[in-house]
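Since the structure is predicted, the reported quantities are computational estimates derived from the model, not experimental observations. Below, read A as the first sequence line, B as the second, and so on, with proteins coming before strands; counting in each chain starts at 1.
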Amino acid sequence: MQQIKVRELLKSKETGKEFMVKGWVRTRRGNKNINFIALNDGSIIHNIQVVAEVANFPEETLKLVNTGACIMVKGILVESPAAGQPVELQAKEIHVYGSAEPETYPLQKKGHSLEFLREIAHLRPRTNTFGAVLRIRHAMAFAVHQYFNDNGFYYIHAPIITGSDAEGAGAMFRVTTLDASKPPLKPDGTVDFAEDFFGKETNLTVSGQLEAELAALALSLVYTFGPTFRAENSNTPRHLAEFWMIEPEMAFFDINDNMDLAEDFVKYLVKYALDNCLDDLEFLNKMYDNELIDRLRQIVENKFIRLTYTEAITILKSSGQTWEFPVDWGTDLQSEHERYLVEKHFGKPVILTDYPKEIKAFYMKQNSDGKTVRAMDVLFPKIGEIIGGSQREENYDSLLSRIRELNIPEKDIWWYLETRKFGTAPHSGFGLGFERLILFVTGMANIRDVIPFPRTPKNAEF
RNA sequence: UCCUCCUUAGCUCAGUUGGUUAGAGCAUCUGACUGUUAAUCAGAGGGUCGCUAGUUCAAGUCUAGCAGGGGGAGCCA
């Protein structure tokens, strides 16, 4: 007899037929004569109700069928006489793969706080919430590849170990095989990285963008999707030390093409979730955020607002709000300013462009005004910046002079400069924080609850 | 890293101006119930009050330090 997933079984019309399911017990209840077992195998948020006539099973077997236990059930699928489920499985045979002692199993039938579940991240995938989040996370990863493949993009694997910190996106984690207690020293007393594994100082990547640019200037449309590492001491519900980032890079795209792509891409992903994960979204909508599904629909249906940094400053200055941080042309926007624009003033996602060059990265293309660059940030309600991108500076001389202005060591990125020397092309790209997308789509409030095993300052457990 | 709040039973929390034996709900265990839906009902067990030091006749309660966690800020995705 072939095993069937709960997801298929619940849809099955083949009542009267025998099936085998395997999964983990959520609850068992009942009386002397009959037991009801809610069984879940993670294939769907719903459980199959297994009905066991107590007389048909040895006492020891049913005693082990507690919350958390892993069991196999063979039984006849029947229409359920009671409300709550369309079908149920009339058990003929039950085998316990692994019991879960009720007194010590940490997950109970009742709800747990998300903070507590973070402490038992090895068991939290067994909860409804994390089942839903992890299935949605999978669906979003799949949809990312689907979208790009359908639109002629190629998936590039950017290196995870890097020898440069050219983007300056943040503090890095060093990668070394040197003995930390007695590293080889140079005559001046500093560590001699020439003796290290790669013969130079290396770190974990903070961005695959520069490598993606190299590939875009050959394959035209590319994207990366991989882990990214930032050693910043960030303790917020929106930051991780290890997270996943999606970075498309497109030759022959200007900043407007870039915005069009970003908007279309994000809407595709949200729509994909609504079309393919509605069971899980309905659960999250009910348990955590009553406006979740409405908010997702609004994203898909409405055009994003596009305005320049300069226009945003004007709106903020004339808003009549009192700010903790003053608004002035030339300073970066603070969270309170971004939130006002997205949540109060417009009430929908906003794409801000043309920031002052001083507050943006060296590789962004300068506008003819000499003051601003073709940057774009996509700001979302609740989570703030979900995408950061720009048109890239493709002119060799302009890029080089900006690199020199900022004292970026040329020897580290000679290869990046060479792409502008040989067959340069206008191009653009952006980075989408995958976990921030999942935060938005699931309605979860803390980024540690949308990745299976979060890495944050002082926490690398599991 | 800064600001702020929190830490009491397995979980979620209450605990008065410092006062004698620290409570509740859920979970667990025992019993009842012929179809339950986070089943219900009755009973029972369960505590180094985060750790350390101090103030006091007396500390869950006040003070300091440390640890862990939440929220806000910065950095950013």
Rounded distance (Å) that lies between atom [atom2] of [N] and atom [atom1] of [X]:
X: A/Met376; N: B/C76; atom1: CE; atom2: P; value: 17 Å
X: A/Glu53; N: B/U36; atom1: CD; atom2: P; value: 14 Å
X: A/Asn35; N: B/C33; atom1: CG; atom2: C1'; value: 13 Å
X: A/His112; N: B/G25; atom1: NE2; atom2: C1'; value: 14 Å
X: A/Ile383; N: B/G72; atom1: CD1; atom2: P; value: 14 Å
X: A/Glu101; N: B/G10; atom1: CD; atom2: P; value: 14 Å
X: A/Lys360; N: B/C75; atom1: NZ; atom2: P; value: 11 Å
X: A/Glu119; N: B/A67; atom1: CD; atom2: C1'; value: 13 Å

* **A/His239 or A/Lys458, whichever maps to the more 5' nucleotide of RNA chain B** =>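 Here A/Lys458 is the residue nearer the 5' end.
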
* Structure fact -> Comparing A/Arg28 with A/Tyr105, nearest RNA chain B nucleotide closer to 5' gives the residue A/Tyr105

* Decide whether A/Arg392 and A/Ser390 meet the rule of one side-chain donor and one side-chain acceptor closer than 3.5 Å. => yes

In the strands shown, is [N] matched to any nucleotide by a Watson-Crick or G-U wobble pair with both distances under 3.5 Å, and which?
N: B/G68; answer: B/C6
N: B/U48; answer: none
N: B/U1; answer: B/A73
N: B/U12; answer: B/A24

* Would you indicate whether the side-chain heavy atoms of A/Lys22 and A/Tyr97 approach each other to under 4.5 Å? =>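 Yes - at least one pair of side-chain heavy atoms lies under 4.5 Å apart.
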
Quote, to the nearest angstrom, the [atom1] distance that separates [N] from [M].
N: B/A22; M: B/U8; atom1: C1'; result: 8 Å
N: B/A38; M: B/U12; atom1: C1'; result: 15 Å
N: B/A9; M: B/U4; atom1: C1'; result: 29 Å
N: B/U48; M: B/G60; atom1: P; result: 13 Å
N: B/A53; M: B/U17; atom1: P; result: 29 Å
N: B/G50; M: B/G10; atom1: P; result: 13 Å
N: B/C3; M: B/G47; atom1: C1'; result: 34 Å
N: B/C62; M: B/G15; atom1: P; result: 12 Å

* To do: May I have the step-by-step check of side chain to side chain donor-acceptor pair (under 3.5 Å) for A/Tyr416 and A/Glu213, ending in yes or no?
  => CA-CA 8 Å; A/Tyr416 185 71; A/Glu213 283 189 52; 2.7 Å; yes

Tell me what [X] touches on the nucleic acid: a base, only sugar-phosphate, or nothing, going by heavy atoms under 4.0 Å.
X: A/Ile246; value: nothing
X: A/Pro81; value: base
X: A/Leu437; value: nothing
X: A/Thr27; value: sugar-phosphate
X: A/Ala38; value: nothing

Side chain of [X] (C-beta onward), nearest among [options]:
X: A/Arg118; options: B/G69, B/A77, B/G35; value: B/G69
X: A/Asn233; options: B/U1, B/G70, B/G74; value: B/U1
X: A/Ile34; options: B/G35, B/C75, B/G71; value: B/G35
X: A/Ser80; options: B/A73, B/C26, B/U36; value: B/U36
X: A/Glu115; options: B/G69, B/C33, B/G74; value: B/G69
X: A/Ala82; options: B/G35, B/U28, B/G70; value: B/G35
X: A/Glu103; options: B/U12, B/C29, B/A77; value: B/C29
X: A/Glu88; options: B/U1, B/G35, B/G72; value: B/G35
X: A/Met245; options: B/U12, B/G35, B/A77; value: B/A77
X: A/Phe36; options: B/U30, B/G10, B/G35; value: B/G35

State whether the distance check finds a donor on one side and an acceptor on the other, under 3.5 Å, for side chain [X] versus base [N].
X: A/Gln49; N: B/U36; answer: yes
X: A/Ser234; N: B/C75; answer: yes
X: A/Arg436; N: B/C76; answer: yes

Below 4.0 Å: OP1/OP2 of [N] and any side-chain N or O of [X]:
X: A/Ser113; N: B/U12; result: yes
X: A/Asn235; N: B/G69; result: no
X: A/Arg448; N: B/G70; result: yes

Considering only NZ, NE, NH1 and NH2 on the basic side and carboxylate oxygens on the acidic side, decide whether [X] and [Y] come within less than 4.0 Å.
X: A/Asp254; Y: A/Arg374; answer: no
X: A/Lys365; Y: A/Glu394; answer: yes
X: A/Glu8; Y: A/Lys5; answer: no
X: A/Arg118; Y: A/Asp449; answer: yes
X: A/Lys74; Y: A/Glu18; answer: no
X: A/Asp289; Y: A/Arg295; answer: yes
X: A/Lys360; Y: A/Asp377; answer: yes

Can you give me every donor-acceptor pair (side chain of residues 262-270 of chain A, partner residue at least two apart or in another chain, under 3.5 Å) with its distance?
{"from": "A/Glu263", "atom 1": "OE1", "to": "A/Arg306", "atom 2": "NH2", "distance (Å)": "3.1"}
{"from": "A/Glu263", "atom 1": "OE2", "to": "A/Lys267", "atom 2": "NZ", "distance (Å)": "2.8"}
{"from": "A/Glu263", "atom 1": "OE2", "to": "A/Phe304", "atom 2": "N", "distance (Å)": "3.0"}
{"from": "A/Asp264", "atom 1": "OD2", "to": "A/Tyr147", "atom 2": "OH", "distance (Å)": "2.7"}
{"from": "A/Lys267", "atom 1": "NZ", "to": "A/Asn302", "atom 2": "O", "distance (Å)": "2.8"}

* To do: Check whether the aromatic ring of A/Phe243 stacks on the base of B/A77, taking stacking as ring centres less than 5.5 Å apart and planes within 30° of each other.
  =>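 Check passed, A/Phe243 stacks on base of B/A77.
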
* Asked: Heavy-atom contacts under 4.0 Å between residues 320-347 of chain A and RNA chain B, which residues?
  -> A/Phe325, A/Gln334, A/Ser335, A/Arg339

